[in-house]
Amino acid sequence: MRKRPLPRQLALLAATLAAAGLAGAATGTPPQSYQPDYFTPFQASTALDMVARLPAFVFDGGNASRGLAGNVLINGKRPASKTDALGDVLGRIPAASVERIDVVNDGAGGIDLQGYPAVANIVLKQMDLVSATSSVSSYLTPDGIAQPSLDANYSLRHGDRSFNVALALNRSPDTSQGQGRRTTLYAGPAPAAEATLAGAGSSANKTVKLNYGQDLLDGQLNWNGAFNPWTYQSQSRSDAAVRSLSSNDNAGRTLEQGLSYARELAQGASLDLKALRRSAEANAESTYSAGGAPSYSFSNTTASEQVLAGQLSWRTRDGVVLRGGFERAVNTNDNSNSYQANAGAAATPAGSAWVRETRVEGQLSSSWQIDSALGAEAGLKVEHSSLRVGADQPEAKAYVYPKPRLRLSVSPSSSLLLRLRMEREISQLNFGDAAGYFGIADKSLRAGLPELVPAKNWLYEGALEYHFWDRGAAVLSYTQSRISDLIDRMPIRTPNATYDTAGNIGDASAGNVTGLLNLPTDSWCLPQGLLKLSMTRRSSSVTDPTTLEPRPLNGEQPLSWRVEFSQDLPRQRTAWGFSVDNGWSNDNWQVAERDTGNGTGWARAFINYRPAANMTVSLELNNLAGRVVTYDRTHYAGDRLAGGVDFVEHNITRTQPFAMLRVRRDW
């Protein structure tokens, strides 16, 4: 008898458990709830403050640009907006309007976890409310530069209607730039080149956000809109044998409208509909001058996204939750580039790309509480994906991808929880990779390559969570990924040249171990204090398409850790704390180049003082040690397999500390 592969066995197990759950399920214990009294000692003024105090819960705002929702819900729903960051939404909700916060681990109550091990559901009070906040803040740097920002928010809830408007004018320095040095060593007889570096930059954002909701046809209708114009400017200087100057002047805007409708139907069923349209435009002008001869490059990008989604949920009397739904998303990206050799020359086109991705996804899932200690969730999504590159080109081949998932949670006691998850994930194609692949000028070079397709990942995860004392928690998790059709840089070799392009390079594996420990310090003479320790160890392996030797994945950080401490002092109306991490380090491989980047640790300290119940003064000190960023570039002649080293470049930059002073007033 032929042995089935592990993914197929797990998929069959998911279907079996789903059938068992439908056959007979018992109503399980409710999710862990935290009432407002729990957060009183922490002086929480917003829902975001409350979420930050949940034991063993790590807030994740998601990635709106890639369609990933965060792990916090409001009344069981995720915000429809993509331009409104989840942290900003929670920061506008007064703590007085929160009835409770439920931490859900197993899809209880019909909540779709969407790949997260747990989500926090903020349940709001049914009450009329008028609130307003305003804040003034400013960055402060050692060179005396101050960049002020203004934020204001007004919320009204009366009966079944709600209205919110948020205005912001923010300015901030580019904290990644600073003073440094570049050393270049050549393989030939040329002497080493030395250059001193200096750079600075700043960004400015204006934001207008509107939200309106009301009851309609026995349901709740919500509309949101956002408009965000922005600018970014930077300048850098390199002093070597010849001084070179470069500058960037970028500007753009984002416009979004979203509509959602939710309604409870008969016999435990509910309907959720969502529509969203988002557009963005960005223009960039770069100037480079060496020895008094300037050159210019220009870039224009327009992008749009349209999403239409619906979900029908049904909760049976015995606690089983069934969900069915669909989503259609169309993403378009149009980019053009040009180059101007000098001020008097005509601009020369330097490449353009028009890319459109269309995805249609259907899903069917079920969650249930098998007994008081065992909960399960199983589901299947089917994605239909197609890509078109060039408005006048035919649509590329369409692909259908099944995405099963299975999640189990076992709780042998009220303080111990075991989570298991199996899921198949499909990546979204990067527009730049797609355009670079399909835009190869010589079509004969691409003829022997398979069509560029998304990467597929079978993900297996296990986590053990233990709660102790009042706020103490320990979490240990292990995640293993089996990736196929990984997208990376790959060579195309001809008798005369080697080309570097994006492509599917084969299979890869990755694993990481994550530990989290929350230690209350009440018994250490530090009442209302909390020490957080977190660490992640990563390892991966893929066959390099250039050298055919195994190596880690591009951009992987092998080890990351973080130490945080915070203490609330209600009598002194003060909260303070600090955090330290180990920075970052990663390697990146291209066909003819290997790059290594490192950033030393980041230290931060803060203090919040409340001179009045409706006012908070905050001071943050960031980058206290002055992060040092190093970037090493090794370049090869031809490629890394056959070519020798052309040159080795070492860059080192020291960034400066900065402070943030903020005054917030609630009205």
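Looking only at distances, a side-chain donor or acceptor of Asn75 sits under 3.5 Å from a matching main-chain atom of Leu124. Asn333 places no side-chain N or O within 3.5 Å of a backbone atom of Ala303 that could act as its donor or acceptor partner. In this structure, Arg538 contributes its side chain and Gln557 its backbone to a donor-acceptor pair below 3.5 Å. Listed for the Asp174 side chain is a donor-acceptor partner under 3.5 Å among the backbone atoms of Ser176. Checked by atom type and distance alone, the side chain of Gln656 never pairs as donor or acceptor with a backbone atom of Gly178 at under 3.5 Å. Between the Lys125 side chain and the Ala96 main chain, a donor and an acceptor come within less than 3.5 Å of each other. Counting only distance, with no hydrogens or angles, the side chain of Thr141 and the backbone of Pro657 share no donor-acceptor pair below 3.5 Å. A donor-acceptor contact shorter than 3.5 Å links the side chain of Arg654 to the backbone of Gly626.
With salt bridges taken as basic N to acidic carboxylate O contacts below 4.0 Å, none links Arg277 and Glu305. Ion pairing of Arg405 with Glu377 is present here, as a side-chain N (NZ or NE/NH1/NH2) and a carboxylate O approach within less than 4.0 Å. By the 4.0 Å N-to-carboxylate-O rule, Asp102 lies close enough to Arg100 to be salt-bridged with it. A salt bridge is defined here as a Lys NZ or Arg NE, NH1 or NH2 lying under 4.0 Å from an Asp or Glu carboxylate O, and Asp568 with Arg53 meets this definition. Classification of Arg419 and Glu465 as a salt-bridged pair holds, one side-chain N sitting under 4.0 Å from a carboxylate O. Between Glu361 and Lys403 a salt bridge is recorded (basic side-chain N to carboxylate O distance below 4.0 Å). Looking at Arg562 and Glu564, a side-chain N of the basic residue comes within less than 4.0 Å of a carboxylate O on the acidic one, giving a salt bridge. The pair Asp128-Arg157 does not meet the salt-bridge criterion, since no charged nitrogen lies less than 4.0 angstrom from a carboxylate oxygen.
Asn224 and Glu256 form a side-chain donor-acceptor contact under 3.5 Å, judged by distance and modelled atom types alone. Looking only at atom types and distance, the side chain of Asn512 has no donor-acceptor partner in the side chain of Thr536 under 3.5 Å away. If you check the side chains of Arg253 and Ser279, you find no donor sitting under 3.5 Å from an acceptor. In this model, a donor atom of one side chain and an acceptor atom of the other lie less than 3.5 Å apart for Trp667 and Ser134. Looking at Asn222 and Asn211, their side chains never bring a donor and an acceptor atom within 3.5 Å of each other. Donor-acceptor pairing under 3.5 Å is lacking for the side chains of Ser135 and Arg662.
Two residues are said to be in side-chain contact when any heavy atoms from C-beta on lie closer than 4.5 Å; Ser579 and Val563 fail this criterion. For the pair Gln214/Ser162, no side-chain contact is recorded, criterion being any heavy-atom separation below 4.5 Å from C-beta on. Side-chain contact between Ser138 and Met660 is absent, with no heavy-atom pair separated by less than 4.5 Å. No side-chain heavy atom of Thr207 sits under 4.5 Å from any side-chain heavy atom of Leu169. Taking the side chain as every heavy atom from C-beta outward, Lys532 and Leu517 never approach each other to under 4.5 Å. Within the 4.5 Å cutoff, no side-chain heavy atoms of Tyr154 are placed close to those of Asn164.
With Trp469 as the aromatic partner, Arg471 does not meet the cation-pi criteria of under 6.0 angstrom to the ring centre and within 45 degrees of the ring axis.
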Would Gln311 and Gln363 satisfy side-chain hydrogen bond (donor to acceptor under 3.5 Å, both in side chains), going step by step from the backbone distance to the final call? CA-CA 9 Å; Gln311 180 173 280; Gln363 68 156 319; 3.0 Å; yes
Criterion side-chain hydrogen bond (donor to acceptor under 3.5 Å, both in side chains) on Thr616 and Arg664, from CA distance to verdict: CA-CA 5 Å; Thr616 304; Arg664 170 178 168 139; 5.9 Å; no
Could you walk me through whether Ser618 and Asn608 satisfy the side-chain hydrogen bond (donor to acceptor under 3.5 Å, both in side chains) test, starting with their C-alpha distance in whole Å, then the side-chain angles of each, then the deciding distance to 0.1 Å, before giving a yes or no? CA-CA 4 Å; Ser618 302; Asn608 299 333; 2.9 Å; yes
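The aromatic ring centres of Phe565 and Trp576 sit less than 6.0 Å apart. If you look at Phe658 and Tyr139, their ring centroids are closer than 6.0 Å.
Screening Asn623, Thr175, Thr600 for a side-chain hydrogen bond (donor to acceptor under 3.5 Å, both in side chains) with Thr655, the sole residue that qualifies is Asn623.
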